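The structure appears right after this line, and notes come after that.
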Amino acid sequence: MKHLGGLCIGLALCLAPASCVQSPAPMAKSASPHLTIYHLEGRRSERIVWLCEELGLPYKLEFKRGDLTGSMNAIRAISPLMPVAPTVIYHGQVLTESAAIMQLILDREGGGRLIPKVESPDYPSHLLWMHFSEGSLAADVIADYRTARATTNLAPRGEETDGQRAMKFADNFLATHQYFGGAEFSAADIMMWFPSDYADRIKVADIAKYPNLAAWQDRMEARPAFQRMLAVARPDGRVGSSPALKVE
Ligand SMILES: N[C@@H](CCC(=O)N[C@@H](CS)C(=O)NCC(=O)O)C(=O)O
């Protein structure tokens, strides 16, 4: 993937989607967004930024560029008992859980976009993947990672790990579907991208072994809204102070 323009972002920035990529001028006071996304570079908070960019919704992004600890301190200040990314302030309410935040935004502001019609055959799959992304894939991949760190042995003698099994299940679905929402791109794709990419990033699963997932990831990363998300949410093409990711 090639991406990322030279964009400066401070600790707090008001963003008008689409218009922010080249020159993220702060929004006028009257247009002050009702959504503030507390963000860690390269983490799940990118889902909410990506969603807003897909929908064309304004938002304010809070993070400390290149400083995951500083970004986390800002999160802790508003959500001391559950300091995780994403944490958002939406119409004055402090909320966590990316799927719930996405659902809320879609219910209130999506106008039917990015969710298949409830009566359509795609809706059950969309729901499955919306929840599988955190309930199984992310959970299993992160459990694998912790096991690997604790034991220096991810799976005895080539056995499939739970994270790899979850990757295979997702890959198999994409053999017959363009998107996790079925025929059309949906919020389920936004939910699934993070753990699929993360599994490869933290070496729990080699994405090359899951060709349908790999091709789908490329399609996701080519979306203009995804690129706009990267430009504002990973302005240096890297995660906190770690080396640059996917930047050639
Ligand atoms: N299920 C939650 C998971 C949130 C979460 O664990 N976020 C990570 C970043 S990707 C985090 O903040 N980790 C910091 C920590 O757990 O201390 C969601 O989907 O929002």
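For ligands, and for the atoms within them, numbers begin at 1 and follow the listed sequence. Fair warning: this is a prediction, and the values are worked out from it, not measured in the lab.
Among Arg44, Glu46, Glu97, Arg76, the residue whose heavy atom sits closest to atom 5 (C) of ligand 1 is Arg44. Selection from Met191, His39, Met72, Met82 by nearest heavy atom to atom 14 (C) of ligand 1 gives Met72.
Residues Val84 and Leu51 fall into different hydrophobic clusters, defined by Ile, Leu, Val, Met, Phe, Trp and Tyr side chains chained together at heavy-atom separations under 4.5 Å. Tracing side-chain contacts under 4.5 Å through hydrophobic residues (I, L, V, M, F, W, Y), one reaches Ile105 starting from Leu127; they form part of the same cluster.
With ligand atoms numbered from 1 in the order given, ligand 1 contributes 20 (O) to contacts under 4.0 Å with heavy atoms of Pro86. For ligand 1, the atoms sitting less than 4.0 Å from at least one non-hydrogen atom of Ser98 are 18 (C), 19 (O), 20 (O), numbered in the order shown with element in parentheses.
Side chains of Tyr59 and Glu53: a donor on one and an acceptor on the other come within 3.5 Å. If you check the side chains of Glu134 and Ser98, you find no donor sitting under 3.5 Å from an acceptor.
Here the heavy atom of the protein found nearest to atom 7 (N) of ligand 1 is Ala85 O, 2.8 Å. The protein heavy atom nearest to atom 16 (O) of ligand 1 is Val84 CG1, 4.2 Å.
Using a 30° and 60° split on the angle between ring planes, Phe132 and Phe169 fall in the tilted class, from 30° to 60°.
Using a 4.0 Å cut-off between heavy atoms, Arg47 contacts ligand 1 through its side chain alone, with no backbone atom that close.
In terms of N/O distances under 3.5 Å, ligand 1 is not approached by Arg43.
Counting heavy-atom neighbours within 6.0 Å of Glu184 CD, excluding the residue itself, gives a total of 12 or less.
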